[in-house]
Structures are given as C-alpha cells and as structure tokens.
*Asks:* 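Below are the structure tokens for one structure; questions will follow.
Only a predicted model underlies this, so the values are computations on that prediction, with no experimental measurement involved. Below, chain A is the first sequence line, B the second, and so on; all start at residue 1. Both backbone and side-chain heavy atoms feed into the values below; hydrogens, waters and symmetry mates do not.
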Protein chains: 2
Amino acid sequence: MRSCIEKLLQSVEKALPILCLRKVFQMGDTRNTELNKQVTIKDIAKKAGVSQATVGRVIGGYGSVSSKAKEKVLKVVKELNYVPNSIAQSMKNKRTKTIGVVVGRFGNPFFSEIVNAIEVAGAKLGYNVIISNTDEDPKKELECLKTLYSKQIDGIIIATTLSPDTVLDAASKKFYSGSIPTVYIDRELPFLQELCVLTDNYFGAYKATEYLIEKGHRNIGIIAGTNTSTMHRRIEGYKRALMDNNIEPQEKFIRFGEKATVEEGRQFTSDLLINNQDMTAMFALNNQLVTGMLKAINDMKLSIPTDLSVVGWDDFELAQIVNPPLTMVTQDTEKIGTVATEKLIEIIHSKDVESNALGERRIVFNAHLIIRESCADRKVEWI
Amino acid sequence: MRSCIEKLLQSVEKALPILCLRKVFQMGDTRNTELNKQVTIKDIAKKAGVSQATVGRVIGGYGSVSSKAKEKVLKVVKELNYVPNSIAQSMKNKRTKTIGVVVGRFGNPFFSEIVNAIEVAGAKLGYNVIISNTDEDPKKELECLKTLYSKQIDGIIIATTLSPDTVLDAASKKFYSGSIPTVYIDRELPFLQELCVLTDNYFGAYKATEYLIEKGHRNIGIIAGTNTSTMHRRIEGYKRALMDNNIEPQEKFIRFGEKATVEEGRQFTSDLLINNQDMTAMFALNNQLVTGMLKAINDMKLSIPTDLSVVGWDDFELAQIVNPPLTMVTQDTEKIGTVATEKLIEIIHSKDVESNALGERRIVFNAHLIIRESCADRKVEWI
DNA sequence: CTGTTAGCGCCTTCAT
DNA sequence: ATGAAGGCGCTAACAG
C-alpha cells in the first residue's frame, strides 16, 4: 500500500498530456506581436479614418458624433481589442480611481475581512484597491503612505499603527491629514479631524467584563497589544466595569504587548496563570491573542470553563463549534469596511465639487457580546 | 450593575477632550493650500533656479550635475516636500511598479495568507499590489483582468476561476496569456504556457486517503467545490488511492459544489451522513468546507472520531487545539505567495531585457499530512 | 459634427 | 555641466 510513488508520477504525467505542450508552442507565436503592443486612440483613429478627438468622443460618450462615424469607431475598437490606458487618463484628469488600504497585517482575519469588504464596495463604485502592510511599524507605515501618495491614489483607508499620543512633524502630518481624502478605521488619532469608522471598543469591553463580574468573577486577567486607541479603550472599558462594581483594577492582571500576536497571547496567558493562582477568568482582546490564549490553556492542560472562564474578542466561525463554544465580543468587519469605503468615496467626490468633508467625525458601531459556554458561574462564599 | 450607560457616555466624552476639536479647526487651515497641491519638478526647478532637466538628473541620479546645483535642488526638494508623481513616470517609462492579484475571495484565509505573502514579497522588490475579488465568477474575473490591464499593471498573479476545459475566445485569451507577465497560483489552465505555482494536490489527497484506508476505513466521503484543476486533482488523488487499495470509488460518497463555501460544506456533510449510514470517514477539501463539515457534525451531535473520522484540507492555527485536534492536509501559503511574486517579477524584468519566460512551467510544492487525533482505527471484521 | 492642438509631469536626447 | 524640447496616451477647449 505504501510508496505507490511510481504510479502517482505516471498519473500526474498522464493528466497533462503532451498535446498541451504543442499547443503552447503555437501560442508562443502570438507573443510580442501586435496583440502585445498597447492599442492607442491614435491607432483607432487611423484605422477608422477619423480624428483622435472623434474617437475620444465616442469612447468618452461626450459631445456629438455622427452615427456612422460612431459605428466605424466602435467596429475598430472591437477589432483591435482596444482598452483605454488608465494611466494616461489619470495623467489628464487627476484621478486614478484607486484607493489605498493600509493595515498592520493583511493575513490577520480581522483586517482581511475588512479589506475584502473594501474591495467589494470599491469595485461596485469603480475603484480599485492597493493594499499595504505596515507590520505595525510606524516607519513602514509612513513609507507606505508616501508610496501610495506618489501613486496618486484618490483616497486612503488606514488602520494606523500610531498611538493616540504621537507627535507628528509637519512633513509626516501631510500624509496623515489634510492633503488627500482619508478615512481611519478601527483606530483613531484624536488630534486629526478625519473621519474614523470603528467599533465601540469601550462599551464592548465594558459589557464583557460586566458579564464576567455578574458570573461572580473578581480576578479577571486581560491581555492586550499594540499601542493604539483601540486597545486603550478596551482596557478602559474593562477597568471601568470593575470600578463600577467596586473592584479595584490591578496591574498584575493586565498584560500589554507590542504587536498583539499569537505568540504574545500565549506567553501572556501562561504568565498570568502562573503568577496569579487566584485568577478565575480571562479576557483576550483580539483574535490573535485569543488563539494564543487557547494554546497556552491547552498546553497547561487546563479546561474551560471549569478551571478558567474565558472571553475573546473578534468572533470566528469555529468559535461556536469548538468545545466549549466560546463567549466572544464581535464587531461587524463587513460594515466597517463597506461604510469606510462608501464614505471615503463620498469625500473624494465632494472634493471634486466644492471643498470637502462631510462633517462627520466618527462612525461608531456597536460591539456585541455573544454568550456561549466558556464562562462558568463562580460561587463567591467570601463576599 | 446594569445600564450604567450614563456613566459610560460621560467617560466616552471625557476621553476625547474638547481641546482636540480646537486643534482640529486650526489644522483645517492647512487644507487646500500649497501643501495640498502637487509639487512638481517644475516648481523645484523654478525655486532652485535651475532647469527641469537638472532637477530630473538630481532626483533620478543619472547624468552629471555640479555639486552646488545638486545641493540647491535637494534643499528645495526637502523644503517643498516633493514626492515624484508615479503616474507621470509610468506614462514615460511604461511600467507602473504595480502588480495585480486576482482571487476568488480575499476573506478566505487561504487567499488572504497568500496575498499577504505577495504584498510582503512585492514591497521588498518595490512593487505595490492591487487586489481583485472574482467571487469565483468567470465574467467578473474577465472584468477584473480588463481593469487591471487598463491600469497598466506590470504583471498579474491569478488563482483563476476558470475550469481547465474552458474554451477561450481570442479576445479573452489576450487577458490570460501572452500579453502581460502572468503567474497562475493554486489552479492551472493546461492550455496555457504561463508559469503556475501550486501545491501537489493529487499527492496530498492520495496520502490523506491512504491514511484513512490504513486506519481501516473503506467508505470515505469527500466534499469538494469550484470547478478548478485544484479540486479535480484532489478528487483524482482520492479515487486513485482507493483503487490502488482495491476499493471502487463510488459517486454516492462524493459531493462537488459550486463555490466551496461553508454553507455547501454543511449541506454536503449532512447530506452524506444521512444517505450513507455505512460511511465511517470524511474528507473536506478546503478550509471553508472543513468549517461547514464541522458545523454539520456538531449539529447532528456526532462525535469525532468515535462516530466519524475526519480529515480536512488547509491547516489553521486552531486545528491543533480544538477537541479533538484535527488531522489536516496543509499547504505552504506563504511559499506559494512569495515564490509566485518573485518569479513574476523576474519575468517582468527579463521581459525588459530580451524576450521573456523563464522556461519554467510549474513549481509544485508538497502537501503535508499532519496527523492529529480526528481519525479512529476502524476494526474491519468483514474483510 | 469634426479636426487641431495644447497640455498633464516626467524623462531623456540633443545641442550648447 | 546644463537647458530646451519632444513625447508617452488621453482629454477637452477651441476653431472650423
């Protein structure tokens, strides 16, 4: 039964018959011929026996053209398979119909869902999307913005890695505010006037913490990461919920990482568990941290929720079918992406017309607490 | 404890002090002023008291310039915060330093991981990435390609939604082959000569099926989707493994969907389970189908691997910590993305120099079977 | 209704 | 070492 490799190789070869190779070489002939060279408006004009302007009118659908000129042009357009050169168009009319998206890491499902929504919403309105990873590094972020700027994108959607207390020099500020339509997502810089589309992080964290408190937990660990408004607000919500219930927040229950990675989540969790025997619940503040947390708990052979109650942030499809199903705070990534895109494009268009700005400063969506089975009641005899 | 909403609102307001608003309005002044207008080479030239050509030489780093002219220019460049206009550059030298990526859906982690790798590899080599979703629709795919083509991208990486037996008319073929450097990923069209970077799907499916057979399973369900070479090869590998072990593949154990979504996975799984009481194992051929399969199994209150052994395709971080940890076929998404990008850019550059093509036809990576605990031994008394 | 023409910003040859 | 000038492909104002 083992090592049927020879058989395998045979069938692999069979699957791609030699015939294809021949075909391929024939096709090679079409390379670097007319098909390959850009067909321009000039070519159309020459072949149709009209002026470039007339071709432009037909293609652009403005001015007036005699029906037979139009017909001729359209015929040649089809014949030559003409596709307009957007670069030349952009050169002329100063818009590229392209927007830039700048996030920490595209592989992060939270961002990839948002970017997916951005692409879909953008495509619907005729815009393409250029993506850029910053790896949560402010220097890289600035580089990305410069590149996008030089590519003359019409607008930017950014989940900035800058912390809310950053001080920007004038040269950098140009790339963050005022010179090009920009919408911030997920994280906001309070010193900028640009629109920000995000989730109510404070309230989401508040609700989740309150829920754990209602279950009788008082020593609740929390792991966070990235020095952003988003994480700050979540921590604030957590602390506030504790205080509103007469529990003093303690730093020993809080871990705050650099980049909020899976590995940080793992380390922080085992760290918290080892150093706080009295901790009965934990809250991980993003999807990567949740994964890390679950790994650590798994490694330590603890069971949820018997040994530890657990709440995560950023729901994922499998959260409802793992054992036990996880209680999670969720945000609507699709909505964030869609609304950010639609607003950005509104701003872009309004700029065409008059000044700009919709006056909106922030659009905030609710975070939802989805209660499943990862939190146990804690009997509190000693209260 | 409940409805502390007033308190919440108060703290929300506190968090964004009114001071910020003032600052914001001051900043508003910088809008639509010089900062906002593109600074061009002409502006630099005028202010530095030299010709445009000299500025070009300094910035482009070619020809020879006197050191004091150079100094003057660089000073003004910094003063005016000059950023070159890539669009104009592209116009001139016919390359945009941008590549297009066309996939079914970015939200799909398999693709988002690949695209992440593409972005990283591309950025390293000075290329930006435009993304396009096709939603697994050939018509949309062609539209995407046309748009990208019109944007004069330097190359394309595509996971085509076309099935291997598609017949392309000449007009469409232009967008798939021969006119612009193109690298196919994950799925290949045997009638094209372009490079394809992908996983050995046949062998991966073969190994996984063989593994199940070794465990004593003979009635193995399989769920697939999207009419692509990828899925075909996986099904072939599965069938071949069965036949090599004297088991006749039966259509009743196979389900093949349109788009390989979570929902299809769920339906197919419950369908298979209901109609085949003798089925003891299942194999889901991509990440979405795996999720759907797990959902269905969960809904039917079956347990893995006691009631059903299960193998999935496309590993994810949580697969090792769910209960039970899942046995999975994995592919190296990062490598696919990175290699596809590097090869594409090689092709782009080779085209500059002479003809083109590296001669490579396909780069195939191994699929790995990661054995965890989702498959049970099946005692086969009746053999 | 149609053609001519002047740029968009940058590159680059040619002449000085 | 430097400046003038033409042109990439398209748009649109202007003239016929």
*Asks:* Could you tell me whether the side chain of D186(B) reaches within less than 4.5 Å of the side chain of I336(B), counting heavy atoms only?
*Replies:* no
*Asks:* Are E141(B) and R187(B) close enough, and set up right, to give a salt bridge (Lys or Arg N to Asp or Glu O under 4.0 Å), and what steps lead you there?
*Replies:* CA-CA 14 Å; E141(B) 184 170 290; R187(B) 305 154 177 196; over 6 Å; no
*Asks:* Under 4.0 Å: is that the gap between some side-chain N or O of Y62(A) and OP1 or OP2 of dC10(D)?
*Replies:* no
*Asks:* Can you measure Y82(A) atom OH to dG9(D) atom P for me and round it to whole angstrom units?
*Replies:* 10 Å
*Asks:* Please give, in whole Å, the distance from dC10(C) P to I59(B) CD1?
*Replies:* 8 Å
*Asks:* For atom CD of E79(B), is the number of surrounding heavy atoms from other residues, nucleotides or ligands below 6.0 Å larger than 12?
*Replies:* yes
*Asks:* On a heavy-atom basis, which atom in S51(A) and which in A45(A) lie closest, and how many Å separate them?
*Replies:* C-CB, 3.8 Å
*Asks:* Taking the nucleotide of DNA chain D with the closest heavy atom to each, which residue, S66(B) or K94(B), is nearer the 5' end?
*Replies:* S66(B)
*Asks:* Could you work out which one of dG9(D), dT2(C), dC10(D) sits closest to the side chain of A69(A)?
*Replies:* dT2(C)
*Asks:* Report yes if a donor N or O on one partner sits less than 3.5 Å from an acceptor N or O on the other, where the partners are the side chain of K92(A) and the base of dC10(D); otherwise report no.
*Replies:* no
*Asks:* State which of dG3(C), dG3(D), dG9(C) makes the closest approach to the side chain of R57(A).
*Replies:* dG3(C)
*Asks:* Picking from dA4(D), dG9(C), dC8(C), which would you name as closest to the side chain of A88(B)?
*Replies:* dG9(C)
*Asks:* Using atom CE of M91(A) as one end and atom P of dA12(D) as the other, report the distance to the nearest whole Å.
*Replies:* 15 Å
*Asks:* Do any side-chain nitrogens or oxygens of T40(B) fall under 4.0 Å of OP1 or OP2 in dG9(C)?
*Replies:* no
*Asks:* If you compare every side-chain N and O of S51(B) against the phosphate oxygens of dT2(D) (OP1, OP2), does one of them come in below 4.0 Å?
*Replies:* no
*Asks:* Classify the nucleic acid contact of N93(A) as base, sugar-phosphate or nothing, counting any heavy atom under 4.0 Å across all strands shown.
*Replies:* nothing
*Asks:* Counting side-chain heavy atoms from CB outward, which of dT12(C), dT11(D), dT2(D) is closest to Q89(A)?
*Replies:* dT11(D)
*Asks:* Rounded to the nearest angstrom, tell me the gap between atom CD1 in I87(A) and atom P in dG7(C).
*Replies:* 23 Å
*Asks:* Over 60° means perpendicular and under 30° means parallel, so tell me whether H349(A) and Y127(A) are parallel, tilted or perpendicular.
*Replies:* tilted
*Asks:* Nearest-Å distance, CD1 (I44(A)) to P (dG3(C))?
*Replies:* 15 Å
*Asks:* Whole Å only: how far is the NZ atom of K42(A) from the C1' atom of dG3(C)?
*Replies:* 15 Å
*Asks:* Please determine, for the side chain of N85(B), which listed nucleotide (dC8(D), dC10(D), dG9(C)) has the closest atom?
*Replies:* dG9(C)
*Asks:* So, is S64(A) close to the dC1(C) phosphate, meaning a side-chain N or O under 4.0 Å from OP1 or OP2?
*Replies:* yes
*Asks:* Can you tell me how far P of dT11(D) sits from NZ of K97(A), to the nearest Å?
*Replies:* 13 Å
*Asks:* Is the shortest side-chain N/O distance from Q52(B) to OP1 or OP2 of dG3(D) below 4.0 Å?
*Replies:* no
*Asks:* Counting side-chain heavy atoms from C-beta on, which of dC10(D), dT2(D), dG3(C) comes nearest to I41(A)?
*Replies:* dC10(D)
*Asks:* Minimum heavy-atom separation for A340(B) to I185(B), with atom names?
*Replies:* CB-CG2, 3.6 Å
